[in-house]
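In what follows, every heavy atom counts, from backbone to side chain, and hydrogens, waters and symmetry copies are set aside.
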Amino acid sequence: MLRRLALTAVVSLAVLSAAVPAATATASGATPSARPTSGPMSAAVPALGPLPVPIPPLPGFLDGVGGGPAQDARTRLSVIVTDSGVAGGDGTFELTCGPTGGSHPKRQAACDRLAEAGAARAGQELFRPTPAGTMCTQIYGGDASARIKGTWEGRPVDTTVTRSDGCEIARWNNLVPLLPDLR
């Protein structure tokens, strides 16, 4: 999704810079000019054609290549899941993103989810525990528990997620596929 967004932005910029001169043409085909007819600036020749907007090089994530050693260490998580009741769901899993790697069973989907949350700025709340005093429904979601520790987008992460009430169930579901889907 992030690739599509960046590519759309670059293509839109290129189309816009090519369309501006066409939009300013008059009915007679001439392009209006703000060129002074007298004075010291009368000798200046205005530039015609597309706006000279340089298109920046596309980021490394568009071509599927990692961004180098600094990018590699930005997301590295250890996930310990217990009592999920899902075959293959319990255990200790390692996850690295940029490039995708580790022992996590759904590593690419988990990295995509984390990237999506980071791009939407919802990631600021992604690993934060439910604030004290929050009113949560008293729905018990089971004995499943997960401990997530490491770094995400360069920020330290150390949190525990359970399914003890509605708020915790929502936190768990928000972290699927990093955590097993128990719905």
Side-chain angles (χ1 to χ4, degrees), residues 1-12 56-183:
M1 181 165 174
L2 197 54
R3 283 186 203 147
R4 187 179 301 159
L5 179 64
L7 189 57
T8 301
V10 170
V11 170
S12 298
L58 297 175
F61 64 80
L62 289 178
D63 57 11
V65 177
Q71 178 71 17
D72 293 347
R74 291 195 52 144
T75 299
R76 184 178 304 267
L77 297 171
S78 175
V79 182
I80 303 169
V81 180
T82 58
D83 300 321
S84 70
V86 174
D90 291 352
T92 301
F93 308 104
E94 301 296 325
L95 176 69
T96 57
C97 301
T100 303
S103 61
H104 194 282
K106 296 182 178 179
R107 54 189 160 268
Q108 186 60 55
C111 287
D112 290 345
R113 172 66 185 114
L114 293 173
E116 177 185 337
R121 287 294 158 223
Q124 295 171 350
E125 305 292 328
L126 193 61
F127 295 105
R128 187 173 293 161
T130 304
T134 302
M135 295 179 64
C136 302
T137 59
Q138 296 302 302
I139 299 172
Y140 183 67
D143 294 330
S145 175
R147 171 94 187 261
I148 304 168
K149 192 171 183 176
T151 57
W152 175 64
E153 292 190 344
R155 294 180 291 224
V157 172
D158 188 358
T159 191
T160 300
V161 184
T162 65
R163 296 181 60 83
S164 60
D165 61 30
C167 294
E168 286 295 302
I169 292 170
R171 282 184 71 212
W172 185 288
N173 291 344
N174 196 32
L175 288 166
V176 170
L178 180 63
L179 300 178
D181 192 353
L182 303 181
R183 291 177 262 190

Exercise. Does Glu153 offer a backbone N or O that forms a donor-acceptor pair with the side chain of Thr75 under 3.5 Å?
Worked result: yes
Seminar exercise, completed: Here the gap from Arg76 atom CZ to Thr96 atom OG1, rounded to the nearest 0.5 Å, amounts to 5.5 Å
Seminar exercise, completed: Shortest non-hydrogen pair, Thr162 vs Ser164, comes out as OG1-OG, 3.2 Å
Seminar exercise, completed: Minimal heavy-atom distance between Pro105 and Phe93, with the atoms involved, is CD-CD2, 3.6 Å
Exercise. Considering residues at least two apart in sequence or located in another chain, which fulfil the side-chain hydrogen bond (donor to acceptor under 3.5 Å, both in side chains) criterion with Thr82?
Worked result: none
Exercise. How about Val81 and Val86: do any of their side-chain heavy atoms sit closer than 4.5 Å?
Worked result: no
Report all side-chain donor-acceptor pairs from residues 135-145 shorter than 3.5 Å, counting only partners two or more places apart or in another chain.
residue: Gln138; atom: NE2; partner: Cys136; partner atom: O; Å: 3.1
residue: Tyr140; atom: OH; partner: Gly142; partner atom: O; Å: 3.3
residue: Tyr140; atom: OH; partner: Asp143; partner atom: OD1; Å: 2.2

Exercise. Which pair of heavy atoms, one from Leu95 and one from His104, lies closest together, and at what distance?
Worked result: CD1-CB, 4.1 Å
For this session: Taking the side chain as every heavy atom from C-beta outward, state whether Leu175 and Phe127 have any atom pair closer than 4.5 Å.
Result: yes
Seminar exercise, completed: Taken in chain and number order and not counting sequence neighbours, the residues that satisfy side chain to side chain contact (heavy atoms under 4.5 Å, CB included) with Asp112 are Gln108
Exercise. Do the side chains of Glu168 and Val161 get nearer than 4.5 Å, heavy atoms only?
Worked result: yes
For this session: Compare every heavy atom of Thr160 with every heavy atom of Arg147, then report the nearest pair and how far apart it is.
Result: CD-OG1, 3.4 Å
For this session: Indicate the atoms forming the closest heavy-atom contact of Arg163 with Ile169, along with that distance.
Result: NH2-CG2, 3.8 Å
Exercise. Are side-chain heavy atoms of Val157 and Leu126 found at a separation under 4.5 Å?
Worked result: no
Exercise. Heavy-atom distance under 4.5 Å between the side chains of Asn173 and Arg183, does that happen here?
Worked result: yes
For this session: If a pair satisfies salt bridge (charged side-chain N to carboxylate O under 4.0 Å, His left out) and one of its residues is in residues 79-96, list it, with sequence neighbours excluded.
Result: none
Problem set entry | Which atom of Thr130 lies closest to which atom of Arg171, heavy atoms considered | OG1-CD, 3.5 Å
Problem set entry | With sequence neighbours excluded, residues passing side-chain hydrogen bond (donor to acceptor under 3.5 Å, both in side chains) with Asp165 | none
Problem set entry | Residues that Ala109 engages under side chain to side chain contact (heavy atoms under 4.5 Å, CB included), provided they are two or more places apart | Lys106, Pro177
